[in-house]
Each structure stands twice: as structure tokens, then as C-alpha cells.
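See structure below.
Here is the naming used below: chain letters follow the sequence lines, and residue numbers restart at 1 for every chain.
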2 protein chains.
Amino acid sequence: MQDLINMLRDHKIQPTAQRLEVARCALASEDHPTADEVLAMALSRCPTISRATVYNTLNLLAEKGLLVRRTLREGVTVFDPRLEAHHHLIDTETGEIHDIPWDSVVVGDIAEHPEFEVLDYEIVLRGRRK
Amino acid sequence: MQDLINMLRDHKIQPTAQRLEVARCALASEDHPTADEVLAMALSRCPTISRATVYNTLNLLAEKGLLVRRTLREGVTVFDPRLEAHHHLIDTETGEIHDIPWDSVVVGDIAEHPEFEVLDYEIVLRGRRK
DNA sequence: TTCCCGTTTTAGACTTAGTCTAAACTCCAT
DNA sequence: ATGGAGTTTAGACTAAGTCTAAAACGGGAA
Ligand SMILES: [Mn+2]
Ligand SMILES: [Mn+2]
Ligand SMILES: [Zn+2]
Ligand SMILES: [Zn+2]
């Protein structure tokens with residue numbers, strides 16, 4: 001709790017009750033939640049929190065570098081508390097998004113593109129649990 | 001033109017004027033258009049075509065294997081007439097999506113995941129024109 | 001040819017993800 | 001205590017996409 005407050009302060013975010021609750025839900029999450037999923041989680045502990053605040057806070061956390069916005073599901077943005085580079089596997093049956101360690105895949109010289117300066121990349125896999 | 005008609009017939013799609021126009025726009029496109037972008041293109045030659053028809057037709061073409069739906073831009077689905085495996089680079093300045101040939105990147109044994117059966121994957125790069 | 005009936009198209013209602021607005025609330029500094 | 005910047009809120013608004021139900025189309029059968 002105090003850790004969370006300090007983490008927000010360190011990133012120049014005023015730690016309000018609503019922001020702490022959104023941060024708690026999103027930063028602890030393993031499963032790349034959408035904003036409305038975070039809202040549903042947050043409502044149980046913070047019953048008057050509004051949709052606007054959840055969207056605002058998630059966008060603020062992303063802007064301040066505590067979360068990454070990702071485009072992995074059709075039509076919605078998901079939020080990812082894991083900041084270090086990694087890949088994603090989307091379960092074709094359940095839709096769940098799983099993290100794949102960066103080092104578990106060897107990729108050749110991808111930055112060596114003649115036409116573009118490659119700033120960053122990731123692999124998106126699709127599959128199902130064995 | 002006759003080619004397009006035959007292509008639709010081969011895929012059990014009745015070639016109507018509207019479908020031919022949507023197919024012409026989407027299949028010829030190099031730039032991964034959204035449904036509303038296809039609608040805008042189609043309207044110039046087929047001024048009464050409706051949004052519903054464009055969405056229906058794009059989804060039909062995807063279902064029949066003439067197009068691939070892709071999740072590459074936040075909040076919208078784009079349609080890709082290029083059926084063979086390839087990667088994508090998103091220009092961080094313009095948002096344009098560029099195709100990257102499959103063979104231009106060497107990826108190690110990605111199918112060898114202990115927990116999942118990997119059905120398919122692609123690399124999403126971000127960068128900007130040199 | 002004309003007619004018929006299944007297929008297709010259409011406008012617009014509806015849904016969902018997300019942003020914006022403006023009023024109300026909070027809470028720290030004076 | 002009071003003021004004011006910062007925050008939260010409900011609800012309006014927008015944009016992507018689906019659905020509905022009526023109208024239009026069109027390829028055979030007669
Ligand atoms: Mn569009
Ligand atoms: Mn949207
Ligand atoms: Zn992740
Ligand atoms: Zn492509």
C-alpha cells in the first residue's frame with residue numbers, strides 16, 4: 001500500500017484513493033485487462049469510482065511509464081504492467097493473452113531494415129494450451 | 001474485372017456490383033484499409049453503397065479466405081489482401097502499415113513452446129522511414 | 001417476357017469502447 | 001476558515017461495428 005503510494009509519488013502522480021485502487025488492480029494484474037475490466041475490479045473496493053476516472057488513470061499511468069497500452073485484442077486496448085520487453089501469445093480458444101519471455105525466442109537482425117529505422121518490435125503468437 | 005467475377009464465383013460468392021466494388025478496393029489495396037476507408041473508396045464508383053454492405057462484404061471476403069482481418073491499429077480492424085505469411089511494420093509517425101517479407105527475418109524455433117501449441121505468429125515492428 | 005422467391009442491399013437503430021464537458025468535490029496552502 | 005488548483009463524477013458525445021426489417025434485385029421456371 002505504502003509502496004504503491006510511493007510509486008505514484010515517484011512518478012509525479014498525486015495518490016488519490018481512486019488512483020491507488022486503479023493502480024492496485026492494473027499493476028498487480030497478470031492478464032492484460034481492458035479499461036472496463038479494471039473498472040469492474042475497482043468497483044468492488046471503491047464503489048463510487050467512475051468510468052472516466054478509470055480511463056483517465058490508466059492513461060495517466062501509461063503516460064508516466066507505469067503501464068503499457070497494447071493493441072492485442074480486436075477493438076479494445078489492453079493495459080500491461082510488465083514493462084520489460086516480452087512477446088505475447090493469444091489463446092485462440094479463450095482469448096487470454098499470455099506473456100512470452102523475450103529470451104525464449106531468438107530473432108535475427110531485425111533492426112537491419114534498409115528502408116526503416118526499427119524502434120521496437122514484438123512477436124504476437126496465436127495458439128492454444130497443450 | 002472478369003477476373004474478379006471469377007475469383008468471387010470460385011469462392012462461392014455471388015458477384016454483385018457492390019461486392020465487386022468492395023473487392024476491387026480491398027484486394028488491390030497496398031495499405032491495410034479499415035472498413036470505413038474502403039467505404040470511402042467504394043462510394044466514388046458506387047455512390048449508393050451502404051456501410052452495412054461494406055462491412056458485410058469485407059467480413060464475407062475474410063470468411064471465404066480472400067482477405068485477412070488484422071489487429072494492428074488501436075480500436076479498428078484492418079483488412080489485408082496479402083494472404084501469405086508476412087510481418088508488419090507500423091510507421092510511428094504516419095500510422096501507415098507496411099508489409100515485411102517473411103524471409104527478411106530469421107526467427108528461431110518458435111513452435112517449441114512447452115505450454116502451448118503455437119498455431120501461427122507474426123512480428124509487429126514499429127519504426128519510421130529512414 | 002413475366003413472375004416468383006430467395007438473396008442482397010439499405011437506412012437507421014443499437015451496442016460498445018473511448019473521450020469530453022462542466023459541475024461538484026477534495027484538500028492543501030495561506 | 002477560505003480559496004483555488006487538482007480531481008472526480010455523471011452523462012453527453014463520438015466512432016467502430018453489428019443488427020433489423022423493409023425494399024430492391026435478379027436468375028431461373030413457366
Ligand atoms: Mn475507419
Ligand atoms: Mn471505438
Ligand atoms: Zn504482457
Ligand atoms: Zn499485410
Side-chain angles (χ1 to χ4, degrees), chain A residues 4-5 8-9 11-26 32-43 45-64 66-80 95 97, chain B residues 4-6 8-9 11-26 32-64 66-80 95 97:
Chain A
L4 249 192
I5 292 178
L8 296 196
R9 288 229 172 88
H11 289 80
K12 315 288 184 205
I13 299 171
Q14 262 195 41
T16 65
Q18 291 90 339
R19 286 172 175 172
L20 284 167
E21 180 55 23
V22 169
R24 220 185 43 81
C25 293
H32 306 85
T34 66
D36 283 324
E37 284 162 4
V38 172
L39 171 59
M41 285 187 266
L43 275 172
R45 285 187 181 228
C46 192
T48 71
I49 197 171
S50 71
R51 222 160 76 89
T53 294
V54 172
Y55 274 92
N56 287 341
T57 302
L58 290 171
N59 288 336
L60 183 63
L61 294 174
E63 205 179 293
K64 299 294 190 181
L66 288 167
L67 279 180
V68 182
R69 298 166 62 95
R70 300 199 186 275
T71 300
L72 292 167
R73 283 175 45 177
E74 229 181 85
V76 269
T77 294
V78 301
F79 293 85
D80 192 342
I97 298 167
Chain B
L4 249 192
I5 293 178
N6 289 330
L8 295 197
R9 288 229 172 88
H11 288 80
K12 313 291 182 203
I13 299 172
Q14 262 197 42
T16 66
Q18 291 89 338
R19 285 172 175 174
L20 283 167
E21 181 55 23
V22 169
R24 221 184 45 79
C25 293
H32 307 83
T34 65
D36 283 325
E37 284 162 3
V38 171
L39 172 61
M41 285 186 265
L43 275 172
S44 56
R45 287 188 179 226
C46 193
T48 71
I49 198 172
S50 71
R51 221 160 78 92
T53 295
V54 171
Y55 274 92
N56 287 341
T57 301
L58 290 171
N59 287 336
L60 183 63
L61 295 173
E63 204 178 295
K64 299 294 190 180
L66 288 166
L67 280 180
V68 182
R69 298 166 62 95
R70 299 197 187 277
T71 301
L72 291 168
R73 283 175 46 178
E74 228 183 85
V76 269
T77 294
V78 301
F79 292 86
D80 192 341
I97 298 167

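Each of Thr77(A), Val76(A), Thr71(A) was evaluated against Arg73(A); a single residue qualifies, Val76(A), per the side chain to side chain contact (heavy atoms under 4.5 Å, CB included) test.
The shortest distance between side-chain heavy atoms of Ile13(B) and Leu66(B) falls below 4.5 Å. Using a 4.5 Å heavy-atom threshold, the side chains of Leu60(A) and Arg19(A) count as touching.
Here dT9(D) is the nucleotide among dT9(D), dG17(D), dG18(C) with the atom lying nearest to any side-chain atom of Ile49(A). Closest to the side chain of Ala52(B), out of dT19(C), dG17(D), dA11(C), is dA11(C). Minimum atom distance to the side chain of Tyr55(A) is reached by dT19(C), of the listed dT19(C), dT18(D), dT8(D).
In this structure, Thr34(A) reaches neither bases nor backbone, as no heavy-atom distance under 4.0 Å exists between it and the strands shown.
The CG atom of Asp36(B) sits 10 Å away from the P atom of dA15(D) (whole-angstrom rounding). Here dG18(C) presents its P atom at 10 Å from CZ of Arg73(A), a figure rounded to the nearest Å. Remark: C1' of dT9(C) and CG of Leu20(B) are 14 Å apart, rounded to the nearest angstrom. One interatomic measurement links the two molecules: CZ of Arg51(B) to P of dA16(D), which rounds to 8 Å at whole-angstrom precision. For Glu21(A) and dT8(D), the CD to P distance is 13 Å, given to the nearest whole Å. In this structure, CG of Leu39(B) is placed 15 Å from C1' of dG12(C), rounded to the nearest angstrom. Atom P of nucleotide dG17(D) and atom CG of Leu58(B) are separated by 10 Å, given to the nearest angstrom. Distance Asn59(B) CG to dC19(D) P: 10 Å, rounded to the nearest Å.
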>> Could you go through Asp36(A) and Arg51(A), starting from their C-alpha distance and side-chain angles, then the distance that decides it, and tell me whether this counts as side-chain contact (heavy atoms from CB on, under 4.5 Å)?
In response: CA-CA 8 Å; Asp36(A) 283 324; Arg51(A) 222 160 76 89; 3.1 Å; yes
>> As a quick check of understanding, evaluate side-chain contact (heavy atoms from CB on, under 4.5 Å) for Leu8(A) and Thr16(A), giving each step before the final call.
In response: CA-CA 10 Å; Leu8(A) 296 196; Thr16(A) 65; over 6 Å; no
> Would Val38(A) and Thr57(A) count as a side-chain contact (heavy atoms from CB on, under 4.5 Å) if you check the C-alpha gap in whole Å, the side-chain angles of each, and the deciding distance to 0.1 Å?
Replying inline: CA-CA 11 Å; Val38(A) 172; Thr57(A) 302; over 6 Å; no
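Listed pair Thr53(B) / dT10(C) meets the phosphate criterion, a side-chain N or O lying under 4.0 Å from OP1 or OP2.
Judged by distance alone, the side chains of Arg69(A) and Asn59(A) do bring a donor and an acceptor atom under 3.5 Å apart.
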Distances for protein N or O near nucleotides 4-7 of chain D N or O, under 3.5 Å:
residue: dG6(D); atom: O3'; partner: Gln14(A); partner atom: NE2; Å: 3.4
residue: dT7(D); atom: OP1; partner: Arg19(A); partner atom: NH1; Å: 2.9

